[in-house]
Every structure is written in C-alpha cells, then in structure tokens.
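Every chain is numbered from 1, with letters handed out A, B, ... down the list of sequences.
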Amino acid sequence: MSTPVRTRFAPSPTGHLHVGSARTALYNWLHARHTGGTFVLRVEDTDAARNTEASRDAILSGLEWLGMDWDEGPVAGGNYGPYFQSERKEVYDRYLAQLEASGRVYEDEDGALRFRVPDQAITVDDLVCGTQTINLKKQGSTRWDAELKKDVPSNPDLVIRRADGSYIFHFVNVVDDIDMKITHVIRGEDHLSNTPKHVALYEALAAPLPTFSHIPLNLNADGSKMSKRDQGASITDYIEQGFLPSAVCNYIALLGWSPKDDEEIFSPEELVKRFELTGINRSNSRFDFKKCLWLNSEHLRRLDAQSLLEKSQSFLKDQNIPLDDPRLPAALQLVRERAETLTQIPTGIAAIFSDTVEIEADVLGKISGKENIAGLLQGLHGAFAASEDEWTADNIKALIVVSAEKLDVKMGALMLPCRIAATGKSGGPDLIPLLELIGRERVIDRIAALIKVLPE
RNA sequence: GACCCGUUCGUCUAACGGUUAGGACACCGGGUUUUCAUCCCGGCAAUAGGGGUUCGAUUCCCCUACGGGUCGCCA
C-alpha cells in the first residue's frame with residue numbers, strides 16, 4: 001500500500017500570481033486530484049521586507065479564480081498548520097534542535113548558523129530530469145563572483161539561520177515539507193540545482209525523501225526570460241481580458257505537459273483525469289498568446305447558457321448592458337460563436353441595447369467610396385419601412401433578398417452597409433438575427449441616420 | 001568561470017531503434033454561408049551541427065554550438 005499523495009504549492013507573497021507559478025500550482029493540484037491526494041497551500045512569507053498583504057490576497061484569489069481549491073492552507077486550515085511560515089518559528093526551532101543534536105550545525109564567525117554539508121556524492125532522483133549526482137562540499141567551496149568575473153573561495157556549508165534568528169529558505173522549505181508530510185515536490189527547474197542541498201537536509205533529519213519533479217520553465221514568445229512586467233505574465237491580466245479560468249488552466253497545462261495523443265481541449269475535470277507526472281517534458285516552452293486565445297474561444301463555445309451569463313456578467317455591467325433584458329439570452333448565444341474573450345461579448349451586442357450607435361471614421365470609410373451606397377440604403381430603408389410582416393429573422397432576410405433583386409445587386413452588397421448602419425461596426429455577430437434583436441424602428445432610424453452622414 | 005538541465009515545423013507538441021517524421025495554433029490559398037467570423041478542404045513548414053554504435057538513429061554514445069538554470073545570510 002502506498003502512502004497517500006500530498007502535494008503543495010508554496011508561493012511567497014512578494015508580487016502578483018505569475019503564470020509560471022500558476023502552472024506550478026496547477027501541476028501540484030492536478031497530481032493531487034488525479035491521485036485522490038491532498039493539495040496543500042503554504043505561504044512562504046519569511047521575507048518580511050518584501051511580503052505584502054495585497055500580494056497574498058492576489059495570489060489566493062488568483063488560485064481561486066483558476067479553480068484550484070486547496071485542502072489545507074490559509075482559511076481551509078488542516079492538521080499540519082499553521083500554513084504561514086511567519087507563524088512557524090516554533091516548528092523550525094524544534095527541527096533545528098534535532099539537527100543540532102546530529103552535530104552538523106555550527107555558528108560561524110558572523111553569528112549565523114550553518115549546516116555542515118557532507119563531503120560525499122549526493123544523488124537526486126528526479127521524475128522529470130532523471131538522476132544526478134553532486135558533491136556539495138566540492139561544488140560549494142568556490143563561488144562565482146559576478147563582478148570580479150571569477151571564482152572566489154567560499155564556505156560550502158549552508159546558512160540555515162541568520163544571526164538575527166530568522167531562518168533561511170532552504171531550511172524552512174525542507175522542514176515544512178517534512179513536517180507537512182509532502183510526498184511529491186513539483187516545482188520549477190530553477191530549484192533543480194538546489195535540490196542536493198535539500199536532500200542533504202532530509203538525510204540529516206532522517207526524513208524520507210519526497211519524489212522530486214522539476215518542471216521546465218516558461219519563457220516569453222521571443223525566448224527571453226519572463227519577468228513580472230511582461231504582457232500576460234500575471235493571472236490578473238487574464239481575468240481582466242476576459243479569459244475563462246478553464247481555458248487558462250488548459251493552456252498552461254499544455255505548456256510543458258502533454259497527454260501524448262492529439263487531444264488538446266480539456267475541461268478541468270478532464271485534465272484531472274488525464275494528468276500524469278510522467279507526461280511532463282524536459283524543455284522550456286514559450287508563450288503563444290494566440291493559441292491561448294484560440295483555446296479560450298473553444299471553451300467559450302462549450303459553456304452552457306447559464307454559465308455563459310454568469311461569466312459575462314461583470315463585463316456586461318461595465319458596458320451598461322441590462323442583465324434583465326429579455327433579449328439578453330438570445331444576444332449572448334448569438335455573440336458567443338465569434339467571441340474569443342468575454343470582453344468581446346458586450347462589444348458585439350451593444351448595438352441591441354444602446355439608444356444610439358457611433359460610427360467610427362474608418363468604418364465609414366469602408367463603404368463611403370462605393371458606388372450608389374446611398375441608393376442601396378434607401379432601398380433597404382424603404383423595404384423595411386413598408387413591410388408589415390412581423391420583424392423576425394426569416395422575414396428580415398426575405399426583405400433583404402427582395403431589395404437586392406430590386407436594386408440589382410447581390411445580397412452581400414447590402415449586408416455591410418446595413419451592418420454599419422445598424423451597429424456602427426464592420427464586423428460582429430450574424431447580422432440578420434442581430435437586426436431582429438435591435439428592433440425594426442431602431443434599424444430604420446439608424447439606416448436613415450447613416451444616409452444623412454454619407455458624403456455625396 | 002564551474003556544475004546541472006535542455007535542443008523535432010515560427011510556436012506548443014507526437015513518434016517500442018524501422019513512420020511518406022503525425023497533430024494543434026499561427027500563416028497562406030480555395031470552398032460553403034447573408035457580411036466579418038465560424039465551418040470544411042488544401043498548402044507552407046522541423047529532427048541545431050559534426051562524429052560514432054547499428055543492417056537501420058529524431059530515438060543510444062561523444063564533441064561543438066545555442067538556450068535555460070544554479071553557484072546568496074531572496075524565496
């Protein structure tokens with residue numbers, strides 16, 4: 001019988017939730033959910049100078065938005081708390097005492113406590129990167145000085161506690177993983193080279209090693225390192241730009257992991273079902289914003305009507321579209337087919353709900369030069385105004401067809417001018433049902449208005 | 001500089017040592033449609049380079065190049 005899986009995500013609250021971090025969190029969450037294990041959220045807030053409350057809130061709400069619920073951690077509680085490192089000094093003192101009892105801790109000349117690293121090869125087994133062997137004593141006895149551009153002598157022994165009594169990352173990270181009984185450490189490849197240090201600490205503390213999986217890093221589209229200011233680096237960007245959490249999860253899951261077949265559109269539930277640590281690949285990947293957009297549009301289409309309304313709500317409100325308007329459900333169905341993001345939803349259907357439309361100069365330019373535009377619009381206006389049929393999509397289409405025949409043009413020639421008149425835009429949802437929703441009076445008025453502003 | 005990890009179409013990726021090296025996004029072209037779009041069809045496009053091992057290498061080994069990471073009393 002194997003021990004139940006416990007994974008963790010351990011952010012330090014010094015900024016927003018970065019997509020790279022979100023992916024690390026996702027892999028941990030997916031592995032826990034896939035195996036029926038436990039997902040722990042631990043806040044590594046030992047750097048008092050850089051931590052902020054706002055950052056902590058942003059990270060937590062970002063995870064919530066993405067749908068990654070944690071079984072243990074802030075708010076959720078759990079048996080291995082507290083889940084803020086700033087509240088765990090007592091735990092660290094206890095483990096320090098244990099480490100001191102092993103005789104491998106000493107105080108250096110500056111008053112810091114150091115862990116004496118073993119002068120022997122340490123083997124790290126990594127599920128993704130394979131096995132590697134390093135001697136920390138040899139490796140750490142010199143250090144690269146970036147300014148001098150050369151190796152300088154260095155103390156290989158690891159500082160674990162500063163002279164002021166505060167603990168260092170490597171120590172608290174390992175202690176917490178031991179104390180919280182973490183079985184799988186899934187983190188960025190930037191920690192791979194630190195792992196021998198961690199392994200040495202596990203061994204000195206006589207704790208069983210977790211399974212390590214170091215995942216490749218994400219880079220910008222141009223291959224450069226992703227920094228906090230880069231476009232699309234923060235989960236907040238995706239929220240504001242109208243992405244669906246399921247699409248963002250889907251996209252970042254695929255950046256460094258593959259189900260090994262040709263499927264690539266997955267709901268969170270499907271990801272949980274399909275995700276395997278062994279499917280993680282070894283090379284860095286770059287962000288492709290267009291593919292992320294495409295996935296978002298696919299997820300948008302798969303949303304049921306109720307969810308679509310819920311997800312769109314805040315975006316509709318921003319554009320003053322009334323949520324209780326009886327035409328809204330039909331309008332949403334109409335616009336979803338063509339929307340890539342939620343922000344495009346209100347834009348696409350605004351003409352239905354607003355009293356007036358603005359026609360941008362460049363949009364007007366698309367028809368103003370064409371031959372007999374005013375005549376075409378006159379014809380259409382006349383047909384719409386004269387008809388006594390009910391204002392339905394079918395009847396509207398019939399009116400356009402008849403007008404086109406009378407005017408001796410193809411139906412398509414009427415569509416763009418009509419769209420511009422009715423919506424002020426050159427693109428958008430399927431025009432005829434849109435006209436139905438806008439209403440006869442408004443369509444007629446808007447065509448008349450356009451004719452007036454058309455240059456002769 | 002030392003050590004570690006990596007390198008398949010522009011991008012994300014697939015391929016028991018044997019495939020015409022597959023899929024997706026993007027891009028280009030054609031078609032359907034009432035317009036833009038969707039949709040359908042088609043096209044473009046890759047094993048970083050050089051040596052081995054092997055009947056046969058994208059796959060295994062070595063070298064080089066390139067990319068990334070670590071070398072903190074940041075996490």
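The CD1 atom of A:Ile438 sits 7.5 Å away from the CG atom of A:Leu431 when rounded to the nearest 0.5 Å.
Atom P of B:G42 sits at a distance of 30 Å from the matching atom of B:G49, rounded to the whole Å. B:C66 and B:U47: their C1' atoms are spaced 16 Å apart (whole Å). Nucleotides B:A45 and B:A21, compared at atom P, are 14 Å apart to the nearest Å. Annotation: B:A57 and B:U20 have their P atoms spaced 14 Å apart (nearest Å). Separation of the C1' atoms belonging to B:C27 and B:A46 is 16 Å when rounded to the nearest angstrom. Comparing B:G1 with B:U59, their P atoms are spaced 28 Å from each other, to the whole Å. If you take atom C1' in B:C25 and the same atom in B:G69, they sit 28 Å apart, rounded to whole Å.
Between A:Arg143 and B:G72 there is a side-chain N or O to OP1 or OP2 distance below 4.0 Å. A:Ser21 has no side-chain polar atom (N or O) that falls below the 4.0 Å cut-off from OP1 or OP2 of B:A75.
Just one of A:Tyr251, A:Phe315, A:Tyr238 meets the ring-ring contact (aromatic ring centres under 6.0 Å, His included) condition when paired with A:Phe243; it is A:Tyr238.
Under a cut-off of 6.0 angstrom, the local environment of CG in A:Asp164 is crowded, with over 12 non-hydrogen atoms contributed by other residues, nucleotides or ligands.
Residues meeting the ring-ring contact (aromatic ring centres under 6.0 Å, His included) test with A:Trp70, sequence neighbours left out: none. Take A:Asp261 and apply the salt bridge (charged side-chain N to carboxylate O under 4.0 Å, His left out) test, not counting sequence neighbours, and it matches A:Arg274.
Of the candidate nucleotides B:C25, B:C73, B:G1, B:G1 has the atom lying nearest to any side-chain atom of A:Asp151. Looking at the side chain of A:Glu189, the nearest of the listed nucleotides B:U38, B:C73, B:C5 is B:C5. Distances from the side chain of A:Leu192 to the nucleotides B:U35, B:C74, B:C5 place B:C5 closest. Comparing B:U35, B:C5, B:G68 by their nearest atom to the side chain of A:Arg419 picks out B:U35. For A:Asp190, taking side-chain heavy atoms from C-beta onward, the closest of the listed nucleotides B:U35, B:C39, B:G69 is B:G69.
Residue contacts for A:Thr46: at a heavy-atom cut-off of 4.0 Å it reaches the sugar-phosphate backbone alone, with no base atom in range. Heavy atoms of A:His214 sit nowhere under 4.0 angstrom from any nucleic acid atom.
The interatomic distance linking A:Ile122 (CD1) with B:C3 (C1') rounds to 14 Å, in whole Å.
B:A2 has no stacking from A:Trp144 on its base ring, since the centres under 5.5 angstrom apart and planes within 30 degrees of parallel are not both found.
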A correct 5'-to-3' footprint of nucleotides 9-21 of chain B, with B, S and - meaning base, sugar-phosphate only and no protein heavy atom under 4.0 Å, is --BBSS-------
